[in-house]
Each structure stands twice: as structure tokens, then as C-alpha cells.
Amino acid sequence: MSEVEPLFARPLLPVANEEDADRTARLAFPHVAAAGGRATVVHVIEKAGGAPDKAPLEQREEIAESIFERVRSSAEDAGVDVETELHYGTDVADTILNAAGAADATAIVFTPRGGKSWWDFFSGDTRDALTSESEIPVVVFPTHESADSSTVGDDSDNPDDESDSAGGDRA
């Protein structure tokens with residue numbers, strides 16, 4: 001019988017912007033630390049596939065580096081080893097799924113976001129594709145801050161947290 005690895009042993013955390021990176025790190029890194037894991041954080045620069053891109057590439061790469069600096073700082077504070085990767089792709093979900101496979105990730109971990117801005121690549125199709133097409137487990141944190149990272153390893157059940165942990169359709 002094979003041994004099952006903890007979900008947070010080698011999670012892949014896709015992040016869209018600085019706010020998303022902060023929230024995802026705050027929620028995921030305590031679990032990664034508790035598992036003695038190592039996280040891979042990816043940011044995808046969506047390419048237009050022949051049409052004009054949404055913003056100059058250099059500007060988007062600078063934003064990605066700013067996101068990664070925040071992630072590295074949060075990881076250091078949490079005592080988590082983290083690797084950051086910048087990916088480019090015309091399909092964000094496929095790019096994340098491919099990155100998870102290349103990293104031999106134990107799970108894809110993200111927090112869906114609300115809104116309809118161009119940064120919101122975790123809504124709609126991307127979120128649905130990640131949860132329905134992934135061949136590895138997907139962990140979706142609640143969309144709001146009710147998840148208290150200080151309760152990692154706490155087995156107490158809070159009915160309010162359970163109803164929110166499904167990810168909902170607010171993203």
C-alpha cells in the first residue's frame with residue numbers, strides 16, 4: 001500500500017496580484033509549515049495569443065516580481081521554504097495545471113476572488129477549470145477572512161466556517 005502525502009507537502013499556489021498573494025500566503029503557509037512542506041507560488045502573465053496584450057510585458061513582469069517579494073517575505077515569516085515561478089500562457093488554467101504537474105505538486109491551493117477586473121483570473125472559467133480538470137487535489141480557501149490561520153491543526157468544528165469553506169459562487 002502506498003503512503004499518501006499530505007496535501008500541503010508541496011502545494012502549488014497560483015496568485016494574481018499583491019492582495020491575493022497576501023491573502024493566500026496568510027491562509028496557506030501555516031498549513032504548509034505544519035506539514036513540513038515546501039510551496040511553489042506561480043503567477044501567470046496571460047498572453048493574448050496574437051492580439052495586443054493587456055499591458056506592456058515589462059510592466060507585468062515588474063508587478064510579478066513585486067508579488068513574489070511579498071510572498072517570499074510572508075514565507076520567511078511563516079518559516080516556509082518557497083519557490084516562485086513566473087509563467088506565460090494564453091489559457092491561465094491550463095498554464096497553472098501544467099505548472100502543478102511540472103512541480104509534482106501535491107495540491108493546487110487558491111482563494112477565489114470576487115469582482116470582474118482583468119486581474120480576476122480566479123473567477124469563472126479559470127476557477128471552474130482548476131477544480132474540474134485538475135488531476136491532483138484542489139484546496140479552495142474561503143473568499144473572506146473567516147479562516148483563522150492560528151487554528152491549523154485545531155480539530156474544532158465551527159458550523160459557520162464549514163458553510164463558507166465550500167468556496168461559494170462569490171468568486
Side-chain angles (χ1 to χ4, degrees), residues 3-45 60-87 92-93 95-115 117 119-123 126-127 130-131 134-158 160-168 170-171:
E3 184 175 323
V4 177
E5 291 185 275
L7 289 176
F8 289 93
R10 291 185 316 280
L12 181 99
L13 287 65
V15 294
N17 58 34
E18 291 178 345
E19 180 182 331
D20 183 40
D22 290 344
R23 182 177 43 243
T24 301
R26 188 171 45 254
L27 294 171
F29 285 167
H31 295 278
V32 177
R38 174 179 173 70
T40 300
V41 177
V42 299
H43 176 75
V44 177
I45 293 179
R60 296 167 77 190
E61 289 174 335
E62 289 173 5
I63 291 170
E65 185 52 40
S66 176
I67 292 168
F68 289 152
E69 286 177 19
R70 296 173 80 103
V71 165
R72 288 183 203 110
S73 176
S74 295
E76 185 176 326
D77 291 346
V80 170
D81 288 333
V82 67
E83 182 173 327
T84 57
E85 297 179 359
L86 179 59
H87 291 265
V92 174
T95 304
I96 292 169
L97 293 170
N98 289 335
D104 192 28
T106 51
I108 297 172
V109 178
F110 67 94
T111 303
R113 301 174 312 118
S117 71
W119 282 108
D120 190 21
F121 65 71
F122 286 118
S123 67
T126 300
R127 180 196 61 218
L130 291 177
T131 56
S134 177
E135 295 181 4
I136 62 173
V138 176
V139 177
V140 181
F141 281 110
T143 55
H144 56 80
E145 294 293 326
S146 68
D148 182 357
S149 62
S150 67
T151 61
V152 172
D154 182 1
D155 292 332
S156 66
D157 290 327
N158 179 343
D160 291 336
D161 290 344
E162 285 183 26
S163 64
D164 294 331
S165 66
R170 296 186 335 163

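We number each residue from 1, following the sequence as shown. All values reported here derive from a predicted model rather than from experimental measurement. No hydrogens, no waters, no symmetry mates; every other heavy atom, side chains included, goes into these values.
The heavy-atom pair separating A16 from H43 by the smallest distance is O-CE1, 3.1 Å. Listed here is the closest heavy atom pair of I96 and P14: CD1-CB, 3.6 Å. Considering all non-hydrogen atoms of both residues, P142 and L27 come closest at O-CD1, 4.4 Å. Between V139 and F8 the shortest heavy-atom distance is CG1-CZ, 4.1 Å. Shortest non-hydrogen contact noted between P11 and V32 is CG-CG2, 3.6 Å. Here the closest heavy-atom approach between residue A107 and residue L7 is recorded as CB-O, 3.5 Å.
Looking at E76 and R72, no side-chain N of the basic residue comes within less than 4.0 Å of a carboxylate O on the acidic one, giving no salt bridge.
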Checking side-chain contact (heavy atoms from CB on, under 4.5 Å) for the pair D22/V15: CA distance, chi angles, key distance, verdict?
-> CA-CA 9 Å; D22 290 344; V15 294; over 6 Å; no

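The CG atom of L86 lies 4.5 Å from the CD1 atom of I45; values are rounded to the nearest 0.5 Å. In this structure, I108 CD1 and L97 CG are separated by 5.0 Å, a value rounded to the nearest 0.5 Å. Interatomic distance, T95 OG1 to E85 CD, rounded to the nearest 0.5 Å: 12.0 Å. To the nearest 0.5 Å, the span separating CG on D104 from CD on E5 amounts to 7.0 Å. The structure places OG1 of T111 at 12.5 Å from CZ of R127, a figure rounded to the nearest 0.5 Å.
The closest side-chain heavy-atom distance from E61 to E65 is not below 4.5 Å. Residues N17 and I63 are not in side-chain contact: their nearest non-hydrogen atoms beyond the backbone lie 4.5 Å or more apart. The closest side-chain heavy-atom distance from T106 to P137 is not below 4.5 Å. A heavy-atom distance below 4.5 Å is not found between the side chains of F29 and D77. With a 4.5 Å cut-off on side-chain heavy atoms, F110 and V140 count as touching. Under the 4.5 Å side-chain criterion, counting only non-hydrogen atoms from C-beta, T24 is not in contact with F141.
Exactly one of V109, V71, T84 qualifies for a side-chain contact (heavy atoms from CB on, under 4.5 Å) with L13. That residue is V109.
Residues forming a salt bridge (Lys or Arg N to Asp or Glu O under 4.0 Å) with D81 (at least two apart in sequence, or on another chain): none. A search for salt bridge (Lys or Arg N to Asp or Glu O under 4.0 Å) contacts involving E62 returns nothing, not counting sequence neighbours.
Between the side chain of S74 and the main chain of R70, a donor-acceptor pair closer than 3.5 Å is present. Side-chain atoms of H87 never come within 3.5 Å of backbone atoms of V44 as a donor-acceptor pair (strictly under, hydrogens ignored).
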